[in-house]
Protein chains: 2
Amino acid sequence: MIANTGVSYGVAVATSDAIERTLGAIRDQGGRVTDQRRAILRVLFERSDHVSVDDLVARVHDRLPDVHVTTVYRFLETLAQMGLVTHVHVGHGPAVYHLNDRRHAHIVCNACGIIEIIDEAMMGQWSVELERSLGFSLVDQHFALAGRCGRCRTG
Amino acid sequence: MIANTGVSYGVAVATSDAIERTLGAIRDQGGRVTDQRRAILRVLFERSDHVSVDDLVARVHDRLPDVHVTTVYRFLETLAQMGLVTHVHVGHGPAVYHLNDRRHAHIVCNACGIIEIIDEAMMGQWSVELERSLGFSLVDQHFALAGRCGRCRTG
DNA sequence: AACTTATCGCAACCCATTTGCAGTAAGTCA
DNA sequence: TGACTTACTGCAAATGGGTTGCGATAAGTT
């Protein structure tokens, strides 16, 4: 709460609402609401970009220092099964997780590591081209494309 | 040699030539030619598609049963530094290696695991599109795209 | 308050790959 | 040919991301 004062009140409330709604959904399906889960969700919702499990754990520890990595992995798995989060591999390192708001693919800059979103329409178009030439259609991309961002190319 | 009789004599000779030429290049740069290396190259050249290290080791063992995985990893790394092989990740499992003949990207079928080649031209076109929309250009893809092949889609 | 069982923390494990090290042998040179 | 240097090898152990088994804890229910 207090850590949230940099953000506008409305946004903070919306975030809390979203968290509570998610926890409600978990309870509805027979799951249990714990401090650990609330803390993990808070980090995910406050910082919904692409977070590695280690980052996530570190940020959860700001509030709840004893949460174990395993707990995070298991809860992320639960959220994934609920369709709320997905993970992407952006290279050889650990996977990164994000809220599953919209369907998209990722491109990561080889040089600086920044991750950008490739929207569904463009991927759809590529899928059509691939279907014509190879018979393959594209499915949800679990691995990011590698590229080079404008800044790193010109810098 | 004998294992090669299914293939035309000319091809077998060409393969042997390519292997000896590679070994020569290794010697030229101060490297050493060993039975292990010759056997590994033979497998790579005879079956230059996308082989995992485990497959590679298994096939090397047909000739030389005591070659260690570590040796294979290390020699592949050497060949990679010479620009002769690359590896791609086709999913969560082990990487697959192939001779670095032509530049290309890979798409792997989610269902049956078959790997197809996406040619440079198509990738180049995508890169141009990405550059226009996000400022990113595509570089060599270390991870395969995920898709579904025609057979698995209709079957 | 008693009870059921989902979740937790921990330790141990799995898999692909890497590293340290002592022994072997490839290439070189007398 | 034999001595010599050092690249390469095999093995064991480590690394890193992630998963699993299990007894203890605590959320939700009666």
Side-chain angles (χ1 to χ4, degrees), chain A residues 19-20 22-41 50-58 60-61 63-82 85-97 142-144, chain B residues 19-20 22-41 50-58 60-61 63-82 85-97 108 113 142-144:
Chain A
I19 293 173
E20 293 311 316
T22 307
L23 291 172
I26 288 170
R27 203 150 17 208
D28 287 351
Q29 58 168 30
R32 291 183 183 171
V33 171
T34 63
D35 289 353
Q36 291 91 328
R37 291 181 159 195
R38 203 185 302 273
I40 293 167
L41 281 178
H50 305 81
V51 209
S52 73
V53 168
D54 273 5
D55 292 351
L56 193 38
V57 168
V60 165
H61 281 182
R63 288 165 178 276
L64 234 52
D66 289 328
V67 178
H68 201 273
V69 226
T70 310
T71 302
V72 173
Y73 274 111
R74 280 196 271 229
F75 186 41
L76 285 170
E77 173 60 24
T78 304
L79 292 172
Q81 276 171 11
M82 296 174 67
V85 301
T86 5
H87 67 271
V88 208
H89 299 271
V90 290
H92 280 160
V96 296
Y97 290 74
H142 216 60
F143 288 83
Chain B
I19 293 172
E20 293 311 315
T22 306
L23 291 172
I26 288 168
R27 201 144 28 204
D28 288 350
Q29 60 169 26
R32 288 179 186 176
V33 171
T34 63
D35 289 354
Q36 290 91 328
R37 292 182 157 194
R38 203 184 304 271
I40 293 167
L41 282 177
H50 305 83
V51 209
S52 73
V53 168
D54 273 6
D55 290 352
L56 193 38
V57 168
V60 165
H61 282 182
R63 289 164 178 276
L64 236 51
D66 290 330
V67 178
H68 201 273
V69 225
T70 310
T71 302
V72 173
Y73 273 110
R74 279 196 272 231
F75 187 41
L76 285 171
E77 172 60 23
T78 305
L79 292 172
Q81 277 171 12
M82 295 173 70
V85 301
T86 5
H87 67 272
V88 208
H89 299 270
V90 289
H92 281 161
V96 296
Y97 290 75
V108 55
H142 216 59
F143 289 83

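In what follows, every chain begins at residue 1, and chains take the letters A, B, ... in the order their sequences are listed.
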Results of salt bridge (Lys or Arg N to Asp or Glu O under 4.0 Å) for A:R32 - residues two or more places apart only
none
Only counting residues at least two apart or in another chain, list the ones meeting salt bridge (Lys or Arg N to Asp or Glu O under 4.0 Å) with B:E77.
none
Under a 4.0 Å heavy-atom criterion, the protein footprint on nucleotides 12-22 of chain D, written with B, S and -, is B----SSBBBB
Quick one, give me the B/S/- string for nucleotides 23-30 of chain D, reading 5' to 3', where B means a protein heavy atom under 4.0 Å from the base and S means that only happens at the primed atoms, P, OP1 or OP2.
---BBS--
Contact summary for A:V53 and A:Y97, nearest pair of heavy atoms
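Heavy-atom minimum between the residues: CG2-CE1, 3.4 Å.
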The single option from B:L56, B:V85, B:V57, B:V96 passing side-chain contact (heavy atoms from CB on, under 4.5 Å) against B:V51:
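The residue from B:L56, B:V85, B:V57, B:V96 that satisfies side-chain contact (heavy atoms from CB on, under 4.5 Å) with B:V51 turns out to be B:L56.
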In whole angstroms, how far is the [atom2] atom of [N] from the [atom1] atom of [X]?
X	N	atom1	atom2	answer
A:L41	C:dT7	CG	P	13 Å
B:L64	D:dT9	CG	C1'	12 Å
B:F75	C:dT17	CZ	C1'	18 Å
A:L76	C:dT7	CG	P	14 Å
B:D28	C:dA26	CG	C1'	15 Å
B:D66	C:dA25	CG	C1'	16 Å
B:H61	D:dT9	NE2	C1'	12 Å
A:R37	C:dA6	CZ	P	11 Å

Tell me, please, which residues at least two apart from A:H142 pass side-chain contact (heavy atoms from CB on, under 4.5 Å).
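Counting only residues at least two positions away or on another chain, A:H142 forms a side-chain contact (heavy atoms from CB on, under 4.5 Å) with A:H87, A:H89, B:H92.
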Side-chain N,O (A:Q29) to OP1/OP2 (C:dA6) below 4.0 Å
no
Listed pairs under 3.5 Å, donor-acceptor, residues 64-75 of chain A side chains, sequence neighbours left out:
| residue | atom | partner | partner atom | Å |
| --- | --- | --- | --- | --- |
| A:H68 | ND1 | A:T70 | N | 3.2 |
| A:H68 | ND1 | A:T70 | OG1 | 3.0 |

If I take atom [atom1] from residue [X] and atom [atom2] from residue [Y], how far apart are they, to the nearest 0.5 angstrom?
X	Y	atom1	atom2	value
A:I40	A:R38	CD1	CZ	12.0 Å
A:R37	A:L23	CZ	CG	9.0 Å
B:T78	B:I26	OG1	CD1	7.5 Å

